Amino acid sequence: MSEFTIKPKSSTSEVNEPHTIRRTIKRCASDEDDDTAFVRPAKTKKTTTTKKQLQQDSSDSDDSDDSDEQEDEGEEDSEDEKQSTSKKSKKPVPAIRKRPWNMRVDSGDDEDEPVNLTNKSKNSKSKTETPALSTNKSTATKQKVKPSNNDDSESDSEEEEEEEESSSEEESDDEEDPKITISEYKGDMFAAPPKSLLLHACNCQGSWNKGIAYAFQKNYPDHYSRYYAHCRDNDTKDLIGTCLIIPPQKTGRQHWVGCLFTSRKYGRGKDKKDQILENTENAVEHMVDQLEGWQKRGKEMPIAFWMPKINSGLFRVPWAETKKTIEDITCKGGLHLNVVDKK
Ligand SMILES: Nc1ncnc2c1ncn2[C@@H]1O[C@H](COP(=O)(O)OP(=O)(O)OC[C@H]2O[C@H](OP(=O)(O)O)[C@H](O)[C@@H]2O)[C@@H](O)[C@H]1O
């Protein structure tokens with residue numbers, strides 16, 4: 001598994017621009033009933049942030065902010081939407097299916113460390129590895145290089161050998177890995193059992209200010225600050241199409257939170273539908289690759305995966321299209337997603 005590297009944000013990035021950050025925080029702070037609005041951590045000086053530094057650096061520090069402009073970008077928050085998302089659901093929590101792959105669940109050495117980062121070489125697996133969990137969308141066809149020697153008989157036998165070898169390789173590639181499966185329920189996603197991973201669609205601007213993201217910001221303030229620091233310290237082009245998995249924090253009902261970066265911006269600036277679908281596919285694949293790495297290292301893993309009908313609200317992407325995109329992704333050992341919708 002290649003090492004994930006963090007790139008410091010370039011000076012031109014959107015997230016670092018004061019007005020973007022101001023925009024984000026003012027919208028939180030202007031919410032009269034929300035006195036826990038997250039205050040932006042002080043901007044760190046631009047240095048090369050190593051993965052370790054990033055984790056240490058995710059502690060918050062105060063700074064005031066205003067985000068008037070963000071209001072013009074997005075639609076008005078609906079009060080009942082904010083109220084309803086935090087309501088406890090009365091419906092029984094669906095039985096959690098047995099984990100589809102035999103993943104060990106023992107205490108990881110650094111639970112508190114948010115994982116994954118933004119290495120774009122998501123699927124750069126070495127050929128020798130037989131990954132327990134890898135996305136395997138297409139079988140690469142092996143390019144045959146003709147031997148350069150003049151002796152035909154020798155080159156024929158070599159060719160036969162190669163043929164055998166490549167056909168056996170193709171056979172193993174052809175073995176279809178199980179596709180991701182999805183079950184749909186009606187209820188409140190936040191009623192998921194402890195140690196579940198809750199996934200939701202995120203923008204790369206450090207904003208969880210509307211829709212289900214706003215409920216996440218209120219219920220999981222520590223996860224929010226990790227997400228915010230991640231956006232602050234990485235370029236949008238490195239974030240889009242990745243997944244940030246944040247382990248349980250001091251607040252947040254012992255849930256893991258998975259941020260699927262499916263759109264660069266929000267509101268009217270959101271990506272087009274096809275881009276969001278492509279970003280979703282890449283982000284889910286990136287999530288699976290990370291889980292595989294944890295599994296190999298025997299780190300603690302989520303016990304189940306829950307998510308809303310991502311992209312189907314403010315991102316305006318029909319759920320059926322997102323669902324099909326996700327269900328087309330295969331991974332070794334399989335992966336089951338519980339999709340919970342409050343409507
Ligand atoms: N408690 C609950 N339990 C279960 N399902 C719930 C629920 N609450 C709402 N839902 C449903 O969950 C689906 C997606 O709901 P959303 O529209 O929020 O998300 P989305 O993925 O379309 O869009 C992402 C952008 O929305 C935010 O916007 P900001 O940038 O902050 O402005 C983010 O930050 C992103 O940018 C809809 O079907 C809702 O009915």
Side-chain angles (χ1 to χ4, degrees), residues 14-15 20-21 23-28 30-31 34 37-38 67 69-91 93-94 183-192 196 198-220 223-224 227-228 230-231 236 239-240 243-244 252-253 255 257-271 273 275-277 279-280 283-284 305-323 325-326 337-343:
E14 290 120 343
V15 174
T20 307
I21 295 173
R23 220 176 27 220
T24 304
I25 300 306
K26 185 76 190 290
R27 244 176 93 190
C28 302
S30 66
D31 181 317
D34 180 356
F38 174 67
S67 64
E69 304 94 83
Q70 181 155 6
E71 285 304 335
D72 348 332
E73 295 239 343
E75 296 76 354
E76 277 311 304
D77 298 351
S78 64
E79 270 322 300
D80 58 338
E81 186 186 60
K82 284 182 192 167
Q83 304 309 325
S84 62
T85 50
S86 53
K87 249 186 302 189
K88 219 150 181 22
S89 147
K90 302 279 176 296
K91 293 186 178 39
V93 170
S183 301
E184 296 186 40
Y185 304 93
K186 190 168 165 42
D188 179 0
M189 195 186 74
F190 298 113
S196 302
L198 310 187
L199 289 161
H200 71 118
C202 294
N203 60 70
C204 306
Q205 304 304 313
S207 159
W208 283 2
N209 287 310
K210 292 180 82 176
I212 197 166
Y214 184 71
F216 269 99
Q217 196 205 122
K218 291 189 70 148
N219 295 326
Y220 303 86
H223 294 77
Y224 174 65
Y227 155 78
Y228 188 93
H230 192 67
C231 290
T236 296
L239 289 170
I240 193 67
C243 175
L244 170 67
R253 302 182 199 157
H255 285 150
V257 170
C259 308
L260 295 165
F261 289 99
T262 64
S263 174
R264 289 164 182 77
K265 294 185 178 180
Y266 50 80
R268 279 191 281 278
K270 67 183 177 302
D271 288 343
K273 182 186 81 169
Q275 277 177 312
I276 290 177
L277 289 171
N279 299 335
T280 300
V284 171
F305 298 82
W306 288 46
M307 71 180 199
K309 293 181 176 178
I310 60 169
N311 305 326
S312 68
L314 293 158
F315 279 166
R316 304 256 187 277
V317 177
W319 164 244
E321 297 190 41
T322 295
K323 181 179 178 185
T325 298
I326 295 174
L337 300 178
N338 299 289
V339 171
V340 182
D341 189 24
K342 60 174 185 171
K343 292 192 280 282

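Here the structure is a predicted model, which is why all the values come from computation and not from measurement. Start at 1 and go down the list; that is how both ligands and their atoms are numbered. In this chain, residues are counted from 1 in sequence order.
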ask   = For M189, is at least one N or O under 3.5 Å away from an N or O on ligand 1?
value = yes
query = Where's the contact between W319 and ligand 1, heavy-atom distance under 4.0 Å: side chain, backbone, both or neither?
reply = neither
ask   = Among the heavy atoms of G267, does any lie under 4.0 Å from an atom of ligand 1?
value = no
task = Could you grab the distance from atom CG of D271 to atom OG1 of T262, nearest 0.5 Å is fine?
result = 8.0 Å
ask   = At a 4.0 Å cut-off, with the gap strictly under it, does some heavy atom of A215 reach an atom of ligand 1?
value = no
query = Considering residues at least two apart in sequence or located in another chain, which fulfil the salt bridge (charged side-chain N to carboxylate O under 4.0 Å, His left out) criterion with K309?
reply = E184, D341
task = Run down the list I212, V340, D188 and name the one with the heavy atom closest to atom 10 (N) of ligand 1.
result = I212
request  = Give yes if a backbone or side-chain nitrogen or oxygen of F315 is under 3.5 Å from a nitrogen or oxygen of ligand 1, and no if not.
outcome  = yes
ask   = Backbone or side chain, does any N or O of G313 fall under 3.5 Å from an N or O of ligand 1?
value = yes
message = Using a plain distance cutoff, I'd like to know if P308 has any nitrogen or oxygen under 3.5 Å from a nitrogen or oxygen of ligand 1.
response = no
message = Below 3.5 Å, N or O to N or O, backbone or side chain included: is there any such pair between R316 and ligand 1?
response = no
inquiry  = I want to know if ligand 1 touches Y266 in the polar sense, i.e. an N/O pair below 3.5 angstrom.
reply    = no
ask   = Should K265 be counted as touching ligand 1, given the test is an N or O pair under 3.5 Å?
value = no
